[in-house]
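See below for the structure under consideration.
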Amino acid sequence: MIGGIIIKIKLTSVIRPFVIIAVIIICCLTSSSLPASEERVIDPLTPEDRKWLAAHPVIRLAPDPSFPPIEFFDENGNYSGIAADYFSLIEEKLGIKLQIVNYHSFNELLNAAKNREVDILGSLIKTPERQDYLLFGRSFLNPPVVIITRKNVEGELNLVQLAGRKVVVVSGYAWQGYIKENYPDIDLITVPDPATGLKIVSFGSAFAMVNDLATASYYTEQKDISNLHISGNIEYDSSLYFASRKDWPELNSILNKGLDLITPEEARAINNRWIGMQNDTGLFNQETWNYIKTGIVFILLALIFSLLWNRSLQNQINKNTAQLDEELAERIQSEEDIRQKKATLRATYQELQSSYEEVEALAGELEESHYKLLVTNAELSLTQDRLELALLGAKAGLWDWQLISGELFLNQHYAKHIGYRSNTFIFDINKMKKHIHLEDWPQFEKTYYSFIKDTIPFCEVEYRIKDSSGEWVWIYIFGKIIERSENGQNLRAAGIVQEINNRKQESEKRARYEAEALKMTTLSIMSAGVVHEISQPLNAIKILADGMFYWQESGQTIDIKEAATAFKNISIQAERINDIIIHMRNLSSTVEDGNHHPCNINSAITGTMKILGQQLNDHGISVNLNTDPNLSMAMAHEQRLEEVVINLITNAMRALDELKQSEKLILCSTYQQEQYVVLEVADNGSGISPEIGQQIWEPFFSTKKGGEGMGLGLFIVHSIITRWRGKVSYYNNEWGGATFRVELPCLKES
């Protein structure tokens, strides 16, 4: 009897947790069938909230104008999208009315928010910069941010794999700054809206676009873009929020209360309407589902009791087995410890015996090394004397820079030559500015920061500095990092410094001769275009004059009105010839390299078309201009800039003349990309083969047959642009032909 009671108590203590679990399951399943209690609707706004709304009757809401399906303005100008539906429900539930304000672009909208010209932004990603002037509530949507490419791109991509490629982002979107800061090697192209970016990727002008999935899916369907697909995701929090101006915290609280009133069913209905998610309809009715849940409960209880019985038996078996395993493991461990101690004693004895022999050998090596050290010191002293003499003859010096402390060492002779009292001092970039020539400072500063940030493999720069006599001398510096810490931090750099005054003078003299030769070559190219441009107005003048002579010789009565019209046309054509001659005279005038001023690339394109327009038409070539009217200025000279455009378009025209195709096209585009203004001249010719890609910038290199062309056109372009600290490059188009790209630094506004 007592034994039976003990067994019952033990069994009950084991069953108790499972009984509690079963009761919880039954309560959860049966609670779903109970009717929900009626809730009383209470105004979520406090009297203070209502008072604040009464004091601010006009609340301005500024949506993103091109962010479908999140928010946008439809073809009738109505505010639409997911955010619009949310705001409609908030207005209805709170009894308020918002005034919709339409801006043309996302950047205009952000600027208006900074200036407090609007009160609410419809859908925004939270960033530290935006939190300076906006308050954010809770998120209402989190669309993923994806990488979109053409379908011929295989494999899954991430942002690291996009380094060196053209990637499109919408200007002002949050991930633009994230990519620019964390992945600076990506060549970012900004566009005003997602539709433009998707078209650029679809046409192959860029490799990929980074955008949220919802907007990208909407535009690809609306614009019928079928050659794109998703190639990867980026780890970026794209949660969307309603944001309000920071000086109105009451408005932010009211918006959050309105958002809390929207039920999950209403939120799902909004998302289903715009994103296309389907609601689960269910397979059984409520009564059938209740029967199923009851059956599941009984099955679970039966399984629980069966498992309890098996578990009590298994526990006893495991207990006995564990005790035997523990005793066996202790015996095995004891035997292993004994074997290891014996092996350790044997190894220690052998090491002691070999150590004695090594000490004797080491004593002999130390004596020999001492003799070699004496010889090496003598050789080093002789080598140092020779090095000093060589540096003195070459007007050069050595430098050694400790990057952590900033201490810089120069050999004594060279430090005195350039005006330093000591050959060891602390290098300070800000103090260096007053010693370096003003024209050379930007390149020196750029090279310095690129070198210390390890973005270039070595330091190489030429600049002017005052020597001990106060004269400007040209200096050449070359060096590299020679010591790094274990974690990769740069510790020490070293290199040479040399005076190059004579070399620079010879280089400038040769550059002047080359400039004159290149100028004459460019004028010979333009002469053909001028002949074509002048021939048309000359023919018109001759036809009008011949008509007047015909009237006179035939004895016919001259109509005064027709004669006046003829004279007027002759005057117009003569004026056109005069414009071309003046333009040609200005272009052929002597221009010094230092005579630079702000120039617009678009003006150079217009001047080029005056000279080459008729010639291109005679060759059956169509020219499409796609220029940015708001392009920034660049420091250049308009005549030399026009030479660049003339040579690029002439090069494209000659490439198209070699083809038999009926449609010949040249596309001339300008746009701004960060700190550069960009000119691109593209054609639909045969492109440039890899075999000649490295030779096209060399003088007198030409692929024309029969001696046509001197092979100086692209050499002229390269010489002029690099002289202005710009860049020129080319690439073959996916749709055929080649594109030549010119980049000039923007003129910085004072």
Side-chain angles (χ1 to χ4, degrees), residues 31 34-65 67 69-73 78-103 106 109-143 174 237-274:
S31 63
L34 296 177
S37 61
E38 295 182 357
E39 296 181 357
R40 185 175 60 183
V41 177
I42 302 174
D43 186 358
L45 300 183
T46 64
E48 289 77 12
D49 293 337
R50 291 295 180 187
K51 183 178 180 180
W52 188 92
L53 288 172
H56 300 80
V58 178
I59 299 176
R60 299 161 295 181
L61 165 62
D64 188 333
F67 194 23
I70 311 302
E71 60 176 352
F72 62 102
F73 290 95
N78 297 321
Y79 179 33
S80 303
I82 294 175
D85 287 355
Y86 270 91
F87 277 116
S88 178
L89 283 176
I90 291 174
E91 287 179 321
E92 178 184 344
K93 292 175 182 291
L94 297 182
I96 62 174
K97 185 64 179 177
L98 303 176
Q99 178 182 333
I100 307 301
V101 183
N102 189 350
Y103 285 92
F106 186 73
L109 182 150
L110 289 180
N111 290 331
K114 292 177 183 177
N115 299 328
R116 295 178 179 172
E117 297 171 0
V118 295
D119 309 318
I120 302 175
L121 300 187
S123 56
L124 210 62
I125 293 176
K126 186 191 300 184
T127 66
E129 178 187 0
R130 294 171 183 172
Q131 287 180 299
D132 290 340
Y133 56 92
L134 292 171
L135 292 174
F136 291 81
R138 67 176 178 83
S139 171
F140 71 93
L141 194 64
N142 185 18
D237 183 11
S238 59
S239 300
L240 296 176
Y241 300 82
F242 296 151
S244 61
R245 50 191 291 181
K246 196 168 186 177
D247 59 332
W248 284 3
E250 298 87 353
L251 177 57
N252 185 262
S253 174
I254 291 171
L255 283 178
N256 285 335
K257 291 176 182 178
L259 194 59
D260 290 339
L261 290 178
I262 298 176
T263 65
E265 291 75 13
E266 291 172 332
R268 281 196 297 271
I270 292 173
N271 292 340
N272 291 346
R273 177 186 175 192
W274 293 102

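As a basis for the values below, the full set of heavy atoms in this structure was taken, side chains included, without hydrogen atoms, waters or symmetry mates.
Proximity of a side-chain donor or acceptor of D237 to a complementary backbone N or O of S239 within less than 3.5 Å is detected. Remark: the backbone N or O of Q131 is paired with a side-chain donor or acceptor of K246 at under 3.5 angstrom. Within the 3.5 Å criterion, the main-chain N or O of L259 finds a donor-acceptor partner in the side chain of R138. The main-chain N or O of E117 is found under 3.5 Å from a side-chain atom of R60 such that the two form a donor-acceptor pair.
In this structure, R130 and I125 approach most closely via the heavy-atom pair NH1-O, 2.8 Å. Nearest approach of I262 to E266, heavy atoms of both residues: CA-OE1, 3.5 Å. Residues A83 and E71 approach most closely at CB-OE1, 3.8 Å, considering heavy atoms. Here the closest heavy-atom approach between residue G137 and residue N256 is recorded as CA-OD1, 3.1 Å. The heavy-atom pair separating I96 from I90 by the smallest distance is CG1-O, 4.5 Å. Of all heavy-atom pairs spanning V118 and A62, the tightest one is CG1-CB, 3.7 Å.
Here the CG-CG distance, from N102 to L109, works out to 9.5 Å after rounding to the nearest 0.5 Å. Considering CG of L121 and CZ of R245, their distance stands at 11.5 Å, rounded to 0.5 Å. For the atom pair OG of S244 and CG of L61, the computed distance is 11.5 Å after rounding to the nearest 0.5 Å. Here the CD1 atom belonging to I120 is positioned 9.0 Å from the CH2 atom belonging to W248, to the nearest 0.5 angstrom. Rounding to the nearest 0.5 Å gives a distance of 5.5 Å between CG of N111 and NZ of K114.
With a 4.5 Å cut-off on side-chain heavy atoms, I70 and D64 do not count as touching. Within the 4.5 Å cutoff, no side-chain heavy atoms of L98 are placed close to those of D119. Within the 4.5 Å cutoff, the side chain of I82 has heavy atoms near those of the F140 side chain.
For L261, the side chain to side chain contact (heavy atoms under 4.5 Å, CB included) partners are P44, K93, L94, not counting sequence neighbours. With sequence neighbours left out, the salt bridge (charged side-chain N to carboxylate O under 4.0 Å, His left out) criterion links D49 to K257.
Between E265 and R268, at least one side-chain nitrogen of the basic residue sits less than 4.0 Å from a carboxylate oxygen of the acidic one, meeting the salt-bridge criterion.
Ring pair F106/F67: centre-to-centre distance not below 6.0 Å.
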Apply side chain to side chain contact (heavy atoms under 4.5 Å, CB included) to residues I254 and L53 and explain how you reach the verdict. CA-CA 9 Å; I254 291 171; L53 288 172; 3.8 Å; yes
L251 and L135: side chain to side chain contact (heavy atoms under 4.5 Å, CB included), yes or no, with the steps? CA-CA 9 Å; L251 177 57; L135 292 174; over 6 Å; no
For F73 and I100, what are the C-alpha separation, side-chain angles and deciding distance, and is it a side chain to side chain contact (heavy atoms under 4.5 Å, CB included)? CA-CA 11 Å; F73 290 95; I100 307 301; 3.8 Å; yes
Quick one, K51 with E250, criterion side chain to side chain contact (heavy atoms under 4.5 Å, CB included). Give me CA distance, side-chain angles, the key distance, then yes/no. CA-CA 11 Å; K51 183 178 180 180; E250 298 87 353; over 6 Å; no
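Under the ring pair (Phe, Tyr, Trp, His ring centres under 6.0 Å) criterion, the residue pairs touching residues 120-139 are F136-Y241, with sequence neighbours excluded.
Ring-plane geometry between Y86 and F242 is classed as perpendicular, the angle between the planes exceeding 60 degrees on a 0 to 90 degree scale with a lower cut at 30. Aromatic ring pairs are classed by plane angle as parallel below 30°, tilted from 30° to 60° and perpendicular above 60°; the pair F72 and W274 is perpendicular.
At a cut-off of 3.5 Å, with distance as the only test, no side-chain donor of S80 or N78 sits close to an acceptor on the other residue.
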